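Take a look at the structure below.
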Protein chains: 2
Amino acid sequence: MSTQGKVSLPVIKRLPKYYRYLTNLAADGKDKVSSSELAHMMGTTASQVRQDFNCFGGFGQQGIGYKVDVLLEEIGRLLFGSGELLPTILIGAGRLGNAVSSFIARDTNGYRLLAAFDINPELVGHQMSGVTIRPLDELESFCLENKPAVAVLCVPRQSAVDLSDELVRLGIQGFWNFSHYDLSVAHPEVTVENVHLGDSLMSLGYRLRNQDS
Amino acid sequence: MSTQGKVSLPVIKRLPKYYRYLTNLAADGKDKVSSSELAHMMGTTASQVRQDFNCFGGFGQQGIGYKVDVLLEEIGRLLFGSGELLPTILIGAGRLGNAVSSFIARDTNGYRLLAAFDINPELVGHQMSGVTIRPLDELESFCLENKPAVAVLCVPRQSAVDLSDELVRLGIQGFWNFSHYDLSVAHPEVTVENVHLGDSLMSLGYRLRNQDS
DNA sequence: TAGATTGTTAATCGATTAACAATC
DNA sequence: TAGATTGTTAATCGATTAACAATC
């Protein structure tokens with residue numbers, strides 16, 4: 001079990017989805033579930049479900065299925081570790097930043113929002129999802145003092161290019177990146193999760209126009 | 001050329017990214033680019049770039065490279081068709097809906113925002129990204145009259161389950177889905193682009209905690 | 001015991017990468 | 001012509017699916 005390093009990205013991307021469906025099952029009072037039931041709900045195959053779970057060390061019971069609470073606990077540990085929250089800062093407190101901040105602030109996701117930053121003086125000083133918006137000048141001193149591990153970027157492309165260099169220098173280990181710029185190419189040494197909303201929207205357009213469901 | 005149906009999803013997902021980088025190249029005044037230059041910028045291989053472009057019908061020049069304007073035009077046509085915008089409605093005008101609406105309203109993405117809907121009476125009547133927020137009761141009559149093709153869902157999980165059935169019944173062909181619920185399983189007959197922000201955040205957490213860049 | 005369902009190995013499928021002839 | 005780079009086929013790689021023995 002916990003055979004680190006051999007878990008592929010496709011599997012990792014499915015973990016939160018498993019977690020969601022299992023939470024629903026638990027809420028419905030189900031205590032056992034089979035790989036085929038889970039597969040049906042998730043729109044995948046029983047084979048894949050079993051294969052995925054076995055990346056970590058099978059926690060099922062042959063002939064019976066999986067216990068929902070065991071799965072929730074195991075996958076929960078994988079996703080959230082031993083419970084320590086990842087100290088996080090957000091940069092860019094516009095509309096997108098505002099919406100996104102609420103996801104980080106929810107303590108069910110495993111993060112702790114320390115502060116938000118913006119260049120716009122009109123926003124500075126306001127509260128957002130429980131933290132104060134600070135001027136960008138304070139970024140360096142804040143990071144040196146508070147050692148955030150994760151930065152969430154909700155800024156335009158051009159700012160993101162410069163900011164990411166600065167942030168990596170300041171010891172940031174991961175980015176949740178909404179900027180229109182690909183951090184993983186410039187900074188392969190950090191962990192990046194890109195959310196390119198414009199790209200997502202455009203590829204939907206392609207599929208719709210080409211009638212490919 | 002335009003050999004429909006044989007373009008795989010991974011290729012489709014890369015199209016907007018090509019489009020972005022080519023736009024930058026054009027802005028920088030470059031008129032030619034090689035597959036290896038593009039690959040370097042995008043963090044992929046020259047082989048993949050050529051393979052991708054050949055899904056549609058090679059528009060490069062052997063020995064020379066690709067002309068930036070030709071690529072932009074061809075990929076632009078793939079992404080945006082002949083220029084008609086996809087009539088779109090948005091449901092859920094909260095913080096996330098508000099942020100997301102600006103992407104749809106930008107006419108560079110190929111969509112036209114017709115209206116927004118919300119159950120919250122306090123939001124109804126306000127303007128958002130150029131359209132009026134309407135009460136959810138008007139959804140059916142609005143759809144019958146205006147025939148939107150795409151619906152953007154920025155509502156909680158439970159509402160999404162019911163709404164998607166209703167919207168498919170009303171003739172919606174595609175969803176840009178931000179709700180915490182998987183539309184593609186319930187409605188395989190429509191085109192769905194899921195953006196699960198919580199899932200994205202959780203999988204970033206896994207990777208950070210397991211030091212897997 | 002019989003039925004069910006996992007764990008795990010093997011087969012298939014598809015996407016990425018490499019190689020190279022065609023050609024500008 | 002020589003150098004460069006595409007178009008395209010072949011090889012590799014990895015992920016998904018199928019199959020089946022182990023076992024509850």
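Just so you know, these numbers come straight off a predicted model, no measurement behind them. Letters A, B, ... mirror the listed sequences (proteins, then strands); counts begin at 1. Heavy atoms only: backbone and side chains are in, while hydrogens, waters and symmetry mates are out.
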Would you check, one step at a time, whether the test salt bridge (Lys or Arg N to Asp or Glu O under 4.0 Å) holds for B:Glu84 with B:Arg112?
-> CA-CA 9 Å; B:Glu84 11 62 271; B:Arg112 187 161 55 92; over 6 Å; no

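- Of all nucleotides listed (C:dT16, D:dT17, C:dA15), C:dA15 comes nearest to the side chain of B:Ser8.
- A ring-centre distance under 6.0 Å is not found for B:Phe80 and A:Tyr206.
- Under the Watson-Crick or G-U wobble criterion, with both distances below 3.5 Å, D:dT23 is paired with C:dA4.
- A perpendicular orientation is assigned to the rings of B:Phe53 and B:Tyr66, their planes being inclined by more than 60° (bins at 30° and 60°).
- A straight line from CG of B:Leu9 to P of C:dA15 spans 9 Å, rounded to a whole angstrom.
- Nucleotide C:dC13 forms a Watson-Crick or G-U wobble pair with D:dG14, both donor-acceptor distances falling under 3.5 Å.
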Base-contact (B) and sugar-phosphate-only (S) positions in nucleotides 1-9 of chain C, heavy-atom cut-off under 4.0 Å, - elsewhere = ---BBBBBB

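- To the nearest angstrom, P of C:dA15 lies 11 Å from CG of B:Asp52.
- At most 12 non-hydrogen atoms from other residues, nucleotides or ligands lie less than 6.0 angstrom from CD of A:Glu73.
- Looking only at distances, no side-chain donor or acceptor of B:Glu74 sits under 3.5 Å from a matching main-chain atom of B:Leu72.
- A sub-4.0 Å separation between OP1 or OP2 of C:dT17 and a side-chain N or O of B:Thr45 is present.
- Stacking of B:Arg106 on the aromatic ring of B:Phe103 is recorded, both the 6.0 Å distance cut-off and the 45° axial limit being met.
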